[in-house]
Protein chains: 2
Amino acid sequence: MPAEAKTAAKAAQPPVRAAQPVNPPLTERQEARRRRILHASAQLASRGGFDAVQMREVAESSQVALGTLYRYFPSKVHLLVATMQDQLAHMHGTLRKKPPSGDTAAERVSETLMRAFRALQREPHLADAMVRALTFADRSVSPEVDQVSRQTTVIILDAMGLDDPTPAQLSAVRVIEHTWHSALITWLSGRASIAQVKIDIETVCRLIDLTSPQD
Amino acid sequence: MPAEAKTAAKAAQPPVRAAQPVNPPLTERQEARRRRILHASAQLASRGGFDAVQMREVAESSQVALGTLYRYFPSKVHLLVATMQDQLAHMHGTLRKKPPSGDTAAERVSETLMRAFRALQREPHLADAMVRALTFADRSVSPEVDQVSRQTTVIILDAMGLDDPTPAQLSAVRVIEHTWHSALITWLSGRASIAQVKIDIETVCRLIDLTSPQD
DNA sequence: CGGTAATCTAGAACAAGTTTCAGACTTGAT
DNA sequence: ATCAAGTCTGAAACTTGTTCTAGATTACCG
């Protein structure tokens, strides 16, 4: 009964924090450990994708005991989702510096997503590990996955140039995110070409014009 | 190196067939075994979702040795994707009997998908197992996943009432499928409500009007 | 500084997916 | 009916994610 075990109550275990806002403030050494772990995770993922991220190897690479790794990230999926948060933050920073240049919101969003897509293409294995973890995550990872989703939403709204989206616009953004994730999956598993992903993104971005024809 | 091992060449092993068209014709007893396995799989999945489908249990429930189970379905994901093909075929049959009644293609598609969604809601654990397997599937399962995708496409085109879709319409259908899968995932992992899934489906279905305004 | 609670380490142990193997059983062709 | 080839079985072994434990280390409080 591993499913039950997972939800079983535990004693104190601080290092598992929800997101950017540190839950329990980490000491410097702890912060360093956390960084080492995330770095090792990304490195192994870059090599061979989801399967190559083996918890024992991550622990060894980051010079941390296996038990400690599990204290910081309660499962492999948690670890990879955290890795994704990390990468997303990077990307958001990069994107901010060079905002998309399109005339319409739809163009800017699809330009932004295609830029992100090209970044992922440079590290396809890493992309594989992160995206598979994201879609495989069960309820126990919901808060973290949700955080990734919110982050993505912010990036898209940024590209649209919106501060105060209407509900209809938020629906469109959600649908764009769905398409983005799922299209990535089909590409990663070799069932769709890069060109097809591009078309799908451009197609779904037209929904934006549908919800804000005044732009 | 399990990744390599998985792709290693094997000797003869017929029962693994691609889809409906039997690759090597199965004997009656083999067909029966296959049915028993799929039935056990669906049954266990209905109880506890992805995690509850344990290969040893499936083997025991279906009165087949573990090795045989693996000869029929080379991995747990293959098994669950095959289970999904099975259920999809059912559903397609059911849908055919009561075609959607909406006036526009968009309405009919979203009506169809919502009907499928309600069916999934009746067996949320089974849905969980199938959808998680589908999105977690790696390249080794691509043919089977693709078959599921094609089947889904047929269902949607059916609902649209189209025989000969344009490329633009096919893109729209792909985007709808992306949204469908991803929205299901967010619902299954408790990050979106049923109402939200409904809205997302209706939103994406508007893309149809965009690609065939003459309908 | 001393003590105590929390944290970390090494390593064993466990769970479930997957592989392997020897021997029994089926099938299909002669 | 018989033989060869292919299948199925039961059981053990192997892999990797996850949990557990006992003892060392560290952080913090007075």
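Values in this document were obtained by computation on a predicted structure and should not be read as measured data. Order of the sequence lines sets the chain letters (A, B, ...), proteins ahead of strands, with each chain counted from 1.
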Detail all sub-3.5 Å separations between protein N/O atoms and N/O atoms belonging to nucleotides 27-30 of chain C.
none

For B:Ala168, check side-chain contact (heavy atoms from CB on, under 4.5 Å) against everything at least two apart and list the hits.
B:Thr166, B:Thr211
Take atom CG of B:Asp138 and atom P of C:dT18, then tell me their distance rounded to the nearest Å.
10 Å
Please state how far atom CD in A:Gln30 lies from atom C1' in C:dT9, giving the value in whole angstrom units.
15 Å
Non-neighbouring partners of B:Gln63 that pass side-chain contact (heavy atoms from CB on, under 4.5 Å), sequence neighbours left out:
B:Arg36
Is the ring centre of B:Phe50 less than 6.0 Å from the ring centre of A:Phe136?
yes
Measure CZ/A:Arg71 against C1'/C:dA10 and give the value in whole Å, please.
15 Å
Interface with DNA chain C, restricted to residues 57-65 of chain A and to heavy atoms under 4.0 Å:
A:Gln63, A:Val64, A:Ala65
For B:Glu57, all residues meeting side-chain contact (heavy atoms from CB on, under 4.5 Å), sequence neighbours excluded
B:Leu44, B:Gln54
Can you check the A:Met55 CE to C:dG11 P distance for me, whole Å?
19 Å
The residue, B:Arg36 or B:Arg56, whose nearest nucleotide of DNA chain D is more 5′ is B:Arg36
Can you tell me how far P of D:dA27 sits from CZ of A:Arg33, to the nearest Å?
8 Å
Selection residues 145-156 of chain A - residue pairs positive for salt bridge (charged side-chain N to carboxylate O under 4.0 Å, His left out), sequence neighbours left out:
A:Asp146-A:Arg150, A:Asp146-B:Arg191
OH of A:Tyr72 versus P of C:dT7: gap in Å, rounded?
9 Å
Looking at A:Tyr70, does any N or O in its side chain come under 4.0 Å of the phosphate oxygens OP1/OP2 on D:dC20?
no
Can A:Asp86 and A:Arg35 be counted as an ion pair, charged N to O under 4.0 angstrom?
yes
Have a look at B:Val53 and say if it touches a base, only the backbone sugar-phosphate, or nothing, with a 4.0 Å heavy-atom cut-off.
sugar-phosphate
May I have the list of side-chain donor-acceptor pairs in residues 87-96 of chain B shorter than 3.5 Å, sequence neighbours left out?
{"unit_1": "B:His92", "atom_1": "NE2", "unit_2": "B:Asp158", "atom_2": "OD2", "d": "3.4"}
{"unit_1": "B:Thr94", "atom_1": "OG1", "unit_2": "B:His90", "atom_2": "O", "d": "3.2"}
{"unit_1": "B:Arg96", "atom_1": "NH1", "unit_2": "B:Asp158", "atom_2": "OD2", "d": "3.3"}

Set of side-chain contact (heavy atoms from CB on, under 4.5 Å) partners for B:Lys198, sequence neighbours left out:
B:Met114, B:Glu202
Using salt bridge (Lys or Arg N to Asp or Glu O under 4.0 Å) as the criterion, list what pairs up with B:Arg33, not counting sequence neighbours.
none
How many Å lie between CG on B:Leu66 and P on C:dT18, as a whole number?
10 Å
Rounded to whole Å, the CD-C1' distance (A:Gln54 to D:dT18) equals 14 Å
